Amino acid sequence: MTIAGKSFRWAVLGIFTAITLLPLLWLVMSSFKTQADIFANPFGLPSEWRFDNYGAALAAHPLHLYLRNSLGAALLATVLIVVASLMASYALLHRFRLSRATFGFLLFGILLPVNALMTPIFFIVNMMGVYNTVVGLGLVYAGLFFPLGFLIVKTYMDTTPAEIFEAARIDGAGFHSIFLRIAAPLTSPGAITAAIFLMITAFNELLFAAVLTKDTDAQTVQVGVRYFLTTYSANYPLAFAATVIGIAPTVVIYIILSDRIVAAMTAGSLK
Amino acid sequence: MTTTTPGIPPSVAVVAEPAATALAPRRPARRTGQRLGILLYLLPALALVTLFLAVPTLVVIGLSGTEWAGIGVPQWIGLDNYTRLFGDPAFLKAIGNTLLWVLVGVVIHTPLCILVALVIARRPRGWKVFRTVLFLPNIISATSLALLWYFVFHVSLGLLNSALKLVGLESLTRNWLFDPTTALGVTMTPWVVYIGFGMVLFLTQISTIPQEYYEAAQLDGASTLRQDWSITIPLIRRAIALQVLFVVGYALRSFEYPFIMTSGGPADSSITLSLYIYRQMLTANQYGLAMAAGVVTLVIGIVLTAATFWVLRRTER
């Protein structure tokens, strides 16, 4: 390996690491500064650490309600998708007329730009009477993200050796008990991978959350964080602190579980 | 939809194949009880997909030919919405910008992902840390990251302008977010920030290439660059096709960054299709028009997806 090649390699890694980390560091530093300090001293450490920026940000908008709504919708969608995927994957282990067509139908939409469907979904949610509810948002996420979760779960269940099912059948296990006692438990690693992916995806969603909610009954963190921009156009430290609050939880979880999450986020895309 | 198209890459085709025969009884589902069970187990999944994907797709097509303000009965007006759309400069701008998103995603973003993947695949010191760090933005909410980058490009307190001043390039500072020449480029920040996703995709495929290929090439005196070019790149073309599909999907869904950083402005210079639909729907209450714009988005998606498969099939020969 030539010296030029080596330095090029490190330059590539260095540049992209800097693009990823420097803005985050700058954001965290700025969130502890005073307004004047942000302008006078953009790069250094805060000349005076203002921890109360965080308290003020939390007091300014009901972030805890937004968080409750986000977690509720994401959790509902994740549970629905994982359960529905496990059941459907099990059903599709049996061959029947239309099994291929059913499979195609369930994956229909995996390549669809779903934002194009925001208008009809808005009306369907209204007709169901679940506009501006956590349940409504959770249901929509469950529908939109179903193909992604299903793909992960089904790919995993299909790797279960057929002999295991055969043996259970010979031992007299019925259709339901094979699912409950064998197929579903053996697929749990795949189900967990799907659940991680779905929780992160649903938690971070903005467009449908903005379209399908109107107040703190159902608005999510993603919708709420934006209010700091309009309300505090003149009070940047608070807006910085609010952004940090929006980023911190997932980053902490990521630091703990990074390998698992990287695998989950790209699962199902490549075999 | 495309999942049943012939000639799709095995990475996707794997799912399209009827791999699921593990439980296939010798005489298929002969017992009525079992047939009922199968149906029962499919119901939740069928309900979700029908209600939130299939029905909306039919509705968006059907109502795209109507004039509707959200109340009363939609009035059938045929193709008028489409005539209006294509006469609206903002819509044409949205199409142009979205296609530009695709172009930048394919021509700049994807090669950057490949470049980083090639570097990390050689396992330099600390490669795991780099992989973890570069993937990080993909798990942070796009809203928060868009806010962060909004601050980075901010005219008075932004990191970018401060940095330019620091190194004496004051002449280059500008109001990035509100300058019509830079607004669109600035909202495409995700193409630089999210390289970690494509990188992991390529790393996964690179890890399946047998090490012997590289050893043989080394014996023949091929340089690292030559090995990457002649061995790795051709062998990851399916991952490249998959990445292009992701790029197309992301471009057609691009909403958060323009919405938060510029609101599509100034003068619609950074508007995208998603943002246009959102605006017609929630600001103008033009639901029929919004649905027609949705149909155009779907059609563009289908055409670009089909084109990706077509190109892949040609390179497979």
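So that the names make sense, note that chain A is the first sequence line, chain B the second, and so on, each numbered from 1. Fair warning: this is a prediction, and the values are worked out from it, not measured in the lab. Side chains are part of it too, since the values below use all heavy atoms of this structure and drop only hydrogens, waters and symmetry mates.
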Undergrad: Apply the test side-chain contact (heavy atoms from CB on, under 4.5 Å) to residues B/Ile140 and A/Tyr254: give CA-CA distance (whole Å), side-chain angles for both, the deciding distance (0.1 Å), then the verdict.
TA: CA-CA 9 Å; B/Ile140 298 176; A/Tyr254 179 68; over 6 Å; no
Undergrad: So what's closer than 4.5 Å to chain B heavy atoms on A/Leu139: side chain, backbone, both or neither?
TA: both
Undergrad: Give a yes or no answer on whether the side chain of B/Tyr278 reaches the backbone of A/Val211 with a donor-acceptor pair at less than 3.5 Å.
TA: no
Undergrad: What residue in A/Leu24, A/Val262, A/Ile200 has the most heavy-atom pairs under 4.5 Å with chain B?
TA: A/Val262
Undergrad: Given side chains that start at C-beta, do those of A/Arg9 and B/Leu118 come closer than 4.5 Å, heavy atoms only?
TA: no
Undergrad: Please classify the contact of A/Phe179 with chain B as side chain, backbone, both or neither, using a heavy-atom distance under 4.5 Å.
TA: side chain
Undergrad: Report yes if some heavy atom in the side chain of B/Leu53 is under 4.5 Å from a heavy atom in the side chain of A/Val114; otherwise report no.
TA: yes
Undergrad: Is chain B contacted by the side chain of A/Ile19, its backbone, both, or neither, given a heavy-atom distance below 4.5 Å?
TA: both
Undergrad: Given side chains that start at C-beta, do those of A/Phe108 and B/Thr57 come closer than 4.5 Å, heavy atoms only?
TA: yes
Undergrad: Quick one, A/Leu13 and B/Ile120 - any side-chain contact, counting heavy atoms below 4.5 Å?
TA: yes
Undergrad: At a heavy-atom separation under 4.5 Å, does A/Thr20 approach chain B through its side chain, its backbone, both, or neither?
TA: side chain
Undergrad: Identify the two heavy atoms, one from B/Leu166 and one from A/Phe43, that lie closest to each other, and give their separation to 0.1 Å.
TA: CD2-CE1, 3.8 Å
Undergrad: Taking CZ in A/Arg260 as the centre, count heavy atoms belonging to other residues, nucleotides or ligands within less than 6.0 Å. Is the count above 12?
TA: yes
Undergrad: Between A/Asn115 (side chain) and B/Ser254 (backbone), is there a donor-acceptor pair under 3.5 Å?
TA: no
Undergrad: Which heavy atom of B/Leu148 sits nearest a heavy atom of A/Thr243, and at what distance?
TA: N-CG2, 4.4 Å
Undergrad: Heavy atoms, side chains only, cut-off 4.5 Å: are B/Ser141 and A/Ile247 in contact?
TA: no
Undergrad: Is there side-chain contact between B/Met199 and A/Phe16, with heavy atoms separated by less than 4.5 Å?
TA: no
Undergrad: Please identify, among A/Phe8, A/Phe105, A/Phe146, the residue contributing the most non-hydrogen atom pairs under 4.5 Å to chain B.
TA: A/Phe105
Undergrad: Which class fits the ring pair B/Tyr41 and A/Phe175: parallel under 30°, tilted 30 to 60°, perpendicular over 60°?
TA: perpendicular
